[in-house]
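Single-structure report; data block below.
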Amino acid sequence: MSFNRNIFKNILGAFAALTFCLSGFVAQSCTDEIDKSSRYTFTGETVVDYLENRSDSFSNFLYILDRATIGRNGQGNIKHLLSTYGAYTCFAPMNAAVEQYVKEQYEKWVADCEALANGTMDSVDFHDTGIHSPELTDLTDEKCSEIAKNHVIEKGYLTVDLSEGAFPEPNLNDRYITLYWVVTDSVAGTVRIKLNDSSFIVNSDNEVENGVIQVIDRVLSPSNALLPDLLKTYQDKGFSLFTGALFKTGIESRIRKVKIDDPNIEYGALKNREWQADGAKPALIPETHYVKYTILAIPDIVFNQYGIFEEKDLIDFANKWYGDTYHEGTPNYNDFTSPDNPLYRLLAYHVVDRQLQYSGGFVMDNIKVGGYDSETAGGANKGFDRYEYYETLLGNGKPIKVTKPYSESAIPELTNQIVANYAQDKGARFFNPEMRQHMNVRVIPVAEFKEMMGFEEDFKQEALNGMIHPIDKILVYNNDEMKGNILNERMRWNFMAFFPELMNNGIRQTQGYGTKWEYYRIPDGYCERIKFNSSQSNMYYLYPHWGNGSSWADYQGDEIITAANYDFEYRIPHVPAGTYELRLGTCLCDTRGVAQAYVDGKVAGIPVDLRTESGSVLVAQRFAFVKDSEIIKAEGEEAVEEDDKARRARGFMKGPASWFVSDGSLRDGLNSARIILGTFQLTEGDHWIRFKSVMENPAAEFMHNYFEIVPRGIITDPAKPEDKY
């Protein structure tokens, strides 16, 4: 078997350098690396063989694995699974760790029962740990299964494969394992990996026939609380104002949903991909239908920096920004649970409609694209920022932009950080001077947050239905600032990012290439923002995959294909009211078809032809692709701009120069194209785009890759023309 061995660059050094700065150290040089002294040499054992051959250290965990079941009806055994062919990461707690866990969980259950009985605990705060005895043999089969699943990922990961934040794949309980590095020796520059802010890897990268064993010193036990309840556990430990406001406004009641069970969906079924040749891998209908959220939580010490020390101060602050001067709707000052209440509006803008991991969640920065890691394939190492847009619970889904700046900027400390509402001109431009304090909002990594707060206990970020991330400023949605600054740009959305369901169920932004499923079938009703007007609309998600400029080349590596006699529509993301040019980013191919586009039910231009120049005379006449280098060689650099203008006039554009595949940028891609659907006046609220096949060939595909929503002003402004990136 083989595992990804892309050496993890820069992160360890950057993390250690940050630690040195925080600790007052000045380092002459540093070569931080993961301590490899305890690595196990490959012997040919399976995961179970490895554990059984060291039963003096792992007998307790083996006992749990032996009783743990897996599968829809519990018909499988996890110990058997780990002894068979496959690729797994097993986080193996040693005997003392299992004993400590059982003892602690039992004592917590006893203490909570006593508190409930004597009236010092409310019943809504009582949590049954499921462990009612200090004896390992008294665990239920159900509890053994829960513990075992928390320690297994169905893909082999070496420590050198990892980015700080979270493992790309969830464990068998569909929960993500978070990680960060702790500097253990600032002189030697060695670090240790901490999982779920509770357990250290003490013996790393033990490779066996069917995976990797990471030996850990504490049992992994993610919180089973719902997101608002997890936040409430930290109310008196640094989040009193934010938590109080979340519950006062009733927003907490909006983020308690966990799962959808649609009787019309065949969850977990395999479906042939009708348009592919016999023998092609089938597509999997998603096995889960989770609903999740992300809270961007403001610590009390951040509120204090704005002069906010109690609830009244917070209400006054909210009234200032979301009261009479707010652009949308009449404020309701009396009912805090009204979506028009200023405090409600303030809190709602801090809740995102999906779960976002620190690494590989906020932006696409930890995905392997067919052997190329995203830093190389995506162009981050060439200085291009990574970014995504997400809707919040505020009003008509007011968006935030999340950026990971890779290029040097006017704010160097933000480089390689996760930043919400990163300002235009690299942070230099503001329309409202006061908004300077509410933009370039940094998501604080766990290790830094704990040091900042003096927080010594575990800080669990992941709830059953979402994630908590602390931030270093108060986010404010100001329409003038967002419309004239943050979102006054060519907004390029990965099409797959339109739909929270794809991220919440481990479909998008995971390392699926080359694993058991590379294709998912998206059934009718699965994504709230997709409608199928024809039962023959067969829609498939394709994991990030390899590409090059002479064949197919995708932005962020993944794509959605719809085939057969399709007729479908989807809601585009909410943006400020205005005039926008809408563009479909795609990859032309001989297997593609032709579709009529509709915007809000009205025909939009001539049919969209996704075939190649060799397959369509119309595409050959309109697209007429020629590489920039060839144009420059023949006519000089000035001719490139004229060529772009001529192509735009025909309704086509080349791909962006800021995203790279194996042999160049999408702009150099022979079939990488942006198709201009037209210019439209968009009001705030819902807008739907429909595509209906106009070919009789049921095998013809319609391919979505990315989508651009471009304010008309930046296209027509001669002082700042749109760039090719």
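Nothing here was measured: the structure is a model prediction, and the numbers come from that model.
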**OP:** Scan side-chain atoms only and decide if Q355 and N504 contain a donor-acceptor pair under the 3.5 Å cut-off.
**Re:**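 There is no such pair (donor and acceptor under 3.5 Å, judged by atom type) between the side chains of Q355 and N504.
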Original post:
Taking it one step at a time, do F167 and Y157 satisfy ring pair (Phe, Tyr, Trp, His ring centres under 6.0 Å)?
Top reply: CA-CA 9 Å; F167 282 79; Y157 287 104; 5.6 Å; yes
Original post:
Hey, which of Y387, F384, Y555, Y706 is the one that makes ring-ring contact (aromatic ring centres under 6.0 Å, His included) with W659?
Top reply: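 The residue from Y387, F384, Y555, Y706 that satisfies ring-ring contact (aromatic ring centres under 6.0 Å, His included) with W659 turns out to be Y555.
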**OP:** Show your reasoning for whether side-chain hydrogen bond (donor to acceptor under 3.5 Å, both in side chains) applies to R386 and Q556.
**Re:** CA-CA 10 Å; R386 296 293 179 82; Q556 298 188 357; over 6 Å; no
Do the ring centers of [X] and [Y] come within less than 6.0 Å of each other?
X    : Y    : answer
Y541 : Y543 : yes
H289 : Y526 : yes
H704 : F495 : yes

Within the side chain of [X], is there an N or O that forms a donor-acceptor pair under 3.5 Å with the backbone of [Y]?
X    : Y    : answer
K149 : A68  : no
N548 : S550 : yes
N705 : D558 : yes
N210 : T84  : yes
S55  : F58  : no
Q461 : I468 : yes
S83  : H80  : yes
D262 : N264 : yes
R175 : S223 : yes
N505 : I507 : no

State, with a plain yes or no, whether a side-chain heavy atom of [X] is found less than 4.5 Å away from one of [Y].
X    : Y    : value
D49  : V208 : no
N465 : Y290 : no
T178 : L195 : no

Subject >> Enclosure of W493 CH2 (heavy-atom neighbours >12, cutoff 6.0 Å) >> reply: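 Enclosed: over 12 neighbouring heavy atoms sit under 6.0 Å from CH2 of W493.
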Original post:
More than 12 heavy atoms of other residues, nucleotides or ligands under 6.0 Å from CD of E456: is that the case?
Top reply: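 Atom CD in E456 is not packed in, count stays at 12 or less.
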Original post:
Mind checking whether F449 and F459 have parallel, tilted or perpendicular rings, split at 30° and 60°?
Top reply: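 Geometry flag for F459 against F449: tilted rings.
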Original post:
Should R256 and D229 count as an ion pair when the cut-off is N to O under 4.0 Å?
Top reply: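 D229 and R256: salt-bridged.
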Subject >> E388 and K404 ion-paired at < 4.0 Å >> reply: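 Salt bridge flag = no for K404 with E388.
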Original post:
Do we get R529 above F499's six-membered ring, with its NZ or CZ under 6.0 Å from the centre and within 45° of the axis?
Top reply: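 No; the conditions do not both hold, so R529 does not lie above the ring face of F499.
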Original post:
Taking the six-membered ring of Y50, is the NZ or CZ of R54 close enough (under 6.0 Å from the centre) and on axis enough (within 45°)?
Top reply: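 So R54 does make the cation-pi contact.
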Subject >> salt bridge (Lys or Arg N to Asp or Glu O under 4.0 Å) partners of K450, counting only residues at least two apart >> reply: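 So K450 forms a salt bridge (Lys or Arg N to Asp or Glu O under 4.0 Å) with D197.
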Original post:
If you measure from CZ on R67 to CG on L139, what distance do you get to the nearest 0.5 Å?
Top reply: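 R67 atom CZ to L139 atom CG measures 6.5 Å (nearest 0.5 Å).
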Original post:
Name the one of M467, M503, E501 that satisfies side chain to side chain contact (heavy atoms under 4.5 Å, CB included) with R354?
Top reply: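 The single option meeting the side chain to side chain contact (heavy atoms under 4.5 Å, CB included) with R354 is M503.
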Do you know which two heavy atoms are closest between [X] and [Y], and how far apart they sit?
X    : Y    : answer
S145 : T69  : OG-N, 2.9 Å
L284 : L270 : CD1-CD2, 3.9 Å
S672 : A553 : OG-O, 4.5 Å
P93  : F91  : CD-O, 3.2 Å
I177 : N171 : CG1-ND2, 4.1 Å
N60  : N95  : N-OD1, 2.9 Å

Subject >> Selection residues 93-103 - residue pairs positive for salt bridge (charged side-chain N to carboxylate O under 4.0 Å, His left out), sequence neighbours left out >> reply: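 Every salt bridge (charged side-chain N to carboxylate O under 4.0 Å, His left out) pair that includes a residue of residues 93-103, provided the two are not neighbours, is K103-E107.
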